[in-house]
Amino acid sequence: MHRFVIERSGALPFLRRFSSRAASNLSFATIDPNQLSGAEPGKISNLVHGSWTDSSKFTDIVDPLNGELFLKIPDTSAAELAPFVSSSKSCTKSGLHNPIRNVERYLLYGDISAKAAHILKQPEVENFFARLVQRVSPKSLAQAIGEVSVTQKFLENFSGDQVRFLSRSFAVPGNHLGQQSNGYRWPYGPVAIITPFNFPLEIPVLQLLGALYMGNKPVLKVDSKVSVVMEQMLRLLHACGMPKTDADFLNCDGPTMHQFLLEARPKVTLFTGSSRVAEKLAEDLRGRVKLEDAGFDWKILGPDVQEEDYVAWVCDQDAYACSGQKCSAQSILFMHKNWGASFLEKLNNLAKRRKLEDLTVGPVLTVTTDRILDHLQKLLRIPGAKLLFGGQELKNHSIPKVYGAVEPTAVFIPLTQMLRDDYFNLVTTEIFGPLQVITEYTCEHLPLVLEACERMEAHLTAAVVSNDAKFLQEVLGNTTNGTTYAGIRARTTGAPQNHWFGPAGDPRAAGIGTPEAIRLVWSCHREIIHDVGPVPKGWSLPPPS
């Protein structure tokens, strides 16, 4: 059955007759996610100076569910970087637009966002991107559609006049007639964006558009395993009126991207990913970075036990949705003893519902099975540690060995053992997969829980599950995580478009999604003091001072 879309004036000529099954009916699309296979591998391109180009060599990307080659990605070499460096440097420090130059581009991007939001809301387009996400970063359909939905809502939020409102300035009266100071949000000009595999649509779209809204010219590098998603989204944005020369799209390995950054010297680089790489970039780029790095994210269940089934469900979602491959995933659960063994049994039963067939558990794309199980064994050698559930490789799977395939797993570590210097770093090592640490505390041991939170290095997300006002004040007042949920419905995961998502406690911290995040990451403050006079009548040359 076909669906017809009624176009408004000035609307979108590429919204043709859609079939819910055929991506070929989407005129912006060059890939059909349902046809990707060894027999029909997809091929994507780079974008530079407004042209789609190839590299001399390509990287083969295998299907994470069966190991079959199904995508060919440009493997751009260092010798092929010159056009990208030239394109980046063609943008001045004052940007493609700013509050006093090319201001019509604020309206342009409000219009682009409105059109893209409208298209992305069409069921055929939503399903196209959700299925494409599933093919390269396997997750349940609900999780994949959620990613598309957040992206669509973000675009809606910055439609119309909302882009220019991001650059709202202020004026302060001066000391005399004709003097006034004006504060502006000013672009950086040439910038770079590096994003990970786990949210191949949401993270790069929100950061790319944020950079463009503020007047920057970005070069975008996404994880090669998933870059097909963003290549298709760029084609959609071009169809919505985005100038092809506004952003470049570079596919290459990590060392080549590092070389690009050293040669092009973008004024700011947004990096989302591991803390190790983030620190390397911060050093080599002399601090010209914004970071949304890894998080060993904690959740504290308070002493007031209530809504146990709901809290258990949220804990399961936080720890194991997307196979634990969220930077906001619940890494450690501090459980007040009042919750008891029955609560752990609920967690176990919920984890057992997850299965590979519906991708509620699936391949782990950055950690192998052996690495996960080896880390688990190290944890289990801590005195008092015990396996609560999981701890086995998935059965009857064809996931290639370069990836991980492990059951949802939880290991109990006594709080006092966790805090020992010889165990703390091990216990708080982030494993980007379906493994969490659980520990127990009493009210008198709350200071030990807060000590653990203080000693952790990454401060991304957190949750305090309690409706006890005094307990909330105690925990929230003594912690610093950037995105923190508080209350009986608190969670660690979830980066909707309506609130800030990002770490705290680091001057390099980047946010995503909100006007505050966009201004912080993609613009700086510029003060222009207008002083046009008049010079006072009778003015005479004063003595030197």
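Because the structure is predicted, anything quoted here is derived from the model rather than measured.
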Output the distance between atom [atom1] ([X]) and atom [atom2] ([Y]), rounded to the nearest 0.5 Å.
X      : Y      : atom1 : atom2 : result
Asp468 : Leu472 : CG    : CG    : 6.5 Å
Asn338 : Asp304 : CG    : CG    : 9.0 Å
Leu120 : His118 : CG    : NE2   : 11.0 Å
Leu448 : Thr416 : CG    : OG1   : 8.0 Å
Glu279 : Phe271 : CD    : CZ    : 10.5 Å
Gln152 : Asn157 : CD    : CG    : 9.0 Å

Indicate whether the side chain of [X] and that of [Y] have a donor and an acceptor atom separated by less than 3.5 Å.
X      : Y      : value
Gln207 : Trp522 : yes
Gln436 : Tyr320 : yes
Thr461 : Asn481 : no
Lys299 : Gln330 : yes

Would you say that more than 12 heavy atoms from the other residues, nucleotides or ligands in this model lie under 6.0 Å from the [atom1] of [X], or not?
X      : atom1 : result
Glu457 : CD    : no
Glu451 : CD    : yes
Lys346 : NZ    : yes
Arg455 : CZ    : yes

Do you know which two heavy atoms are closest between [X] and [Y], and how far apart they sit?
X      : Y      : value
Ala504 : Gly482 : CB-CA, 3.4 Å
Phe424 : Ala452 : CZ-O, 3.6 Å
Ala490 : Val464 : CB-O, 3.6 Å
Val475 : Thr479 : O-OG1, 2.8 Å
Ile73  : Ser227 : CG2-OG, 3.6 Å
Cys327 : Leu460 : O-CD2, 3.3 Å

Please walk me through it: do His336 and Phe471 pass ring pair (Phe, Tyr, Trp, His ring centres under 6.0 Å)?
CA-CA 12 Å; His336 193 280; Phe471 183 83; 7.7 Å; no

Report the residues that fulfil side-chain contact (heavy atoms from CB on, under 4.5 Å) with Leu520, sequence neighbours left out, ordered by chain and then residue number.
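Result, side-chain contact (heavy atoms from CB on, under 4.5 Å) vs Leu520: Lys290, Trp500.
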
Set of residues satisfying side-chain contact (heavy atoms from CB on, under 4.5 Å) with respect to Gln317, sequence neighbours excluded:
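Listed in chain order: Gln143, Trp313, Ala321, Arg354.
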
Quick one: does Arg519's side chain have a donor or acceptor within less than 3.5 Å of a partner on Leu166's backbone?
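Yes.
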
Pair Leu65, Leu356 - check side-chain contact (heavy atoms from CB on, under 4.5 Å), show working.
CA-CA 9 Å; Leu65 290 174; Leu356 185 59; 4.3 Å; yes

Under the side-chain contact (heavy atoms from CB on, under 4.5 Å) rule, what do Leu435 and Leu379 come out as? Steps first, then yes or no, please.
CA-CA 11 Å; Leu435 186 152; Leu379 292 174; 4.2 Å; yes

Taking the inter-plane angle between the rings of Tyr213 and Phe154 on a 0 to 90° scale, is it parallel (under 30°), tilted (30 to 60°) or perpendicular (over 60°)?
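Parallel.
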
If you apply the rule side-chain contact (heavy atoms from CB on, under 4.5 Å), what do you find for Phe334 with Leu415, and how did you get there?
CA-CA 9 Å; Phe334 295 95; Leu415 180 59; 4.0 Å; yes

With sequence neighbours excluded, what pairs up with Glu345 under the salt bridge (Lys or Arg N to Asp or Glu O under 4.0 Å) test?
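Glu345: no salt bridge (Lys or Arg N to Asp or Glu O under 4.0 Å) contacts found.
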
Name the residue from Gln392, Glu393, His397 that meets the side chain to side chain contact (heavy atoms under 4.5 Å, CB included) definition with Thr369.
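The side chain to side chain contact (heavy atoms under 4.5 Å, CB included) with Thr369 is passed solely by Glu393 among Gln392, Glu393, His397.
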
When you measure from the centre of the six-membered ring of Phe432, is the NZ or CZ of Lys326 closer than 6.0 Å and no more than 45° off the axis?
no

Pair Leu208-Met230, side-chain contact (heavy atoms from CB on, under 4.5 Å): steps then yes or no
CA-CA 10 Å; Leu208 177 74; Met230 201 57 207; 3.8 Å; yes

